[in-house]
**Q** 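Right, I'll just put the structure down here and ask away after.
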Amino acid sequence: MIVEIRGLTVRYGPEGSGVRAVDHVSLDVDEGILYGIVGESGSGKSTIAMAMMGLLPHGASVEGGSISIDGFEVTGRKESQLASFRGRTASLVFQGAMNNLNPLMRIEDQVAETLLLHRMCGRKEALERARRSLELVGLGKQVWRLYPHELSGGMKQRAMIAAAVVAEPRVLIADEPTTALDVITQVQIVNLLRQLREKLGMTVILISHDFPLVSEASDRICILYGGKVCEVGSNSHIVRKPLHPYTAGLLNSVVSLRERREIMTIPGEPVDLSRPPKGCRFMPRCGSAMEKCSLYAYDSYSPEPGRLVYCEMYSGPDGNTEA
Amino acid sequence: MEILKLENLEKHFEVHSRSRVRRNLIRAVDGVSLAIPEGEIHSIVGESGSGKTTLGRMVAGLLEPTSGSVVLGGVDMFRSGRGEIRNLRKSIQIIFQDPYASLNPRFTVRQILEEPLRLNRLPVQEGDLLDTLRQVGLTPPEDFTGRYPHELSGGQRQRVAIARAMIVRPRFIVADEPVSMLDASMRGSFLQLILSLRKRDGITMMMITHDISIAHYVSDRISIFYRGKVVEQGRADDVVLNPAHPYTRALIESVPSFSRGDSEGSRHPEVPSDVPDPATGCMFRNRCPKAMVACEAVPGATEIAPAHFVSCHLYGGTGVK
Ligand SMILES: Nc1ncnc2c1ncn2[C@@H]1O[C@H](COP(=O)(O)OP(=O)(O)OP(=O)(O)O)[C@@H](O)[C@H]1O
Ligand SMILES: Nc1ncnc2c1ncn2[C@@H]1O[C@H](COP(=O)(O)OP(=O)(O)OP(=O)(O)O)[C@@H](O)[C@H]1O
Ligand SMILES: [Mg+2]
Ligand SMILES: [Mg+2]
């Protein structure tokens, strides 16, 4: 297990008020896999990613839980202790970051910057490694000395990935890396992430609200709703036989190009984090809700090997509670 | 009868780049002709930067074309008298791409909905206002009328933007990426709303989207946009099930789907993304797996099946320019 998150709880704003954007989230990621995290806007995906890097924005705090990456405990660390962890153990491609490239800096210099910032090597070696990294993501010589505005969206995203992997991290987290790109380029970025996993044995965590896209890329998938995990399982399990009613609703509401059918919708509104319902956060929209759902203590059940679901439907005699 | 007719519509922007002395001309919309019959939903599908919003703004009368014409309900948007154009404005509404930017933050939902009525000198009727909110799923409507945009979620804002367009009961709506901010389940409700409005009011709509699955779901016809030009146009089923242009094919081939979930190995679309645009001829040719010498000329449109048009030399499109 290269990533182990236990009971992670993150709050924005002061204690007692503010919102719990991530609430008792636990995740286990095996080394060398492509792990997808799916959730709608506001479900806490970026917050989890930033917490994993020890990079939560000002005003956010880890209220509880632990995050261990390659044996390194991230929570409660000082900045100085995180410096050697970032980039080498884990690296994050931030959501929307491709629009924040420095317009005055050549691409190769921006990629080398990561190494220089962490004082990992000298200037000359940094540039060499930057170029190797750019080549790895499919950006050849003719691109190295260009400026960001001379690159297409897809090329910029590749450059961001090159910068993230230049120090050869064990874990790469990509937060919505395809959102602003057209579908043709999306496929190419996803293929690149798979190649990084296959060629370098890197563990890749792909975060997106695009469920079909994540399902094309991932080995395992975690579904988030309102800051909580709904279920975790292998890609094919989740897609073929969803356990959580929310996952099933999501699958039904995707507009598919290949089969023209009625789209079903999940009734109701997304959860308001400042006033979350008691008990299961999905309960107000759930067709299978029962009385005990408003009381439930957010337990996980494992009705099938290799799967985990946080839903009281599985609390019967067959579902065995995991601690 | 067609309600909207675009003829050879063009919008070019001149941009001066700081680092280069050279002036660049961006052909954001480059010779678009299309007609939308009354009661039809026509989708414009294209990648980011292909000129969709620019087209939509011209159709809504908000941006003057470089050349060509927009004729709506028989009236030329940019060449008719003021009175005629003012009347026209009543019958057309636009739902803007970004509900964060397009709703006045100092207005309550009620004020936002009253504004287009006032602009069009229509009476404000309380019942209508509440009904419109109900139709877009903001229920109970009384809970929403007093709220400001920052008190709404992204999806709720998008619904207010939709309600604002609907309240004047337009005959024609331009919807620019109306569902981009909605999560998967709300997106479905919006699409159903559109279809029911069309049934009830016979509304005509030009929907702009980068998502071909959504276009296929709601529209009668689809135009595929590439670098400011329509490269393929036809009935939604024809374009999606029998795509002809290599770009349309690549687009459809690339749409992710669950059914391919655990197929091992990655997909390799034949179309690279990281190549520069050519200066002349077919704008897609540097990425096109089927490019040939003929592609150095701009292809004209060929009708390959009834009402299914493709601008590609593979189909005998004769070169112009
Ligand atoms: N700086 C902040 N201050 C207060 N609340 C915040 C802040 N950043 C995020 N939030 C809230 O925390 C919740 C989770 O946000 P997060 O950015 O993690 O969601 P996400 O799943 O990444 O969404 P998206 O798909 O839109 O990127 C949201 O309700 C959001 O409004
Ligand atoms: N006012 C302007 N001045 C200069 N260039 C412009 C202007 N408006 C648009 N453009 C350019 O015209 C082209 C088309 O832009 P447009 O916004 O119409 O694309 P779009 O298809 O709507 O893209 P998106 O999917 O990102 O919304 C782009 O290259 C854009 O940079
Ligand atoms: Mg995010
Ligand atoms: Mg646009």
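Residue numbering restarts at 1 for every chain, and letters A, B, ... go by the order of the sequence lines.
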**Q** Do the side-chain N and O atoms of B:His216 and B:Ser213 include a donor-acceptor pair separated by under 3.5 angstrom?
**A** no
**Q** Assign the ring pair A:Tyr246 / A:His244 to parallel, tilted or perpendicular, where the plane angle (0 to 90°) is split at 30° and 60°.
**A** perpendicular
**Q** Below 4.0 angstrom, N of the basic side chain to O of the carboxylate: do B:Asp238 and B:Arg221 qualify?
**A** no
**Q** Does any heavy atom of chain B fall under 4.5 Å from the side chain of A:Phe211, the backbone, both, or neither of them?
**A** both
**Q** In terms of side-chain heavy atoms, does B:Ser48 have a donor or acceptor partner in B:His210 at a distance below 3.5 Å?
**A** no
**Q** Please classify the contact between B:Leu241 and chain A as side chain, backbone, both or neither, with a heavy-atom cut-off of under 4.5 Å.
**A** neither
**Q** At a 4.5 Å cut-off on heavy atoms, which part of A:Thr185 comes close to chain B: side chain, backbone, both, or neither?
**A** both
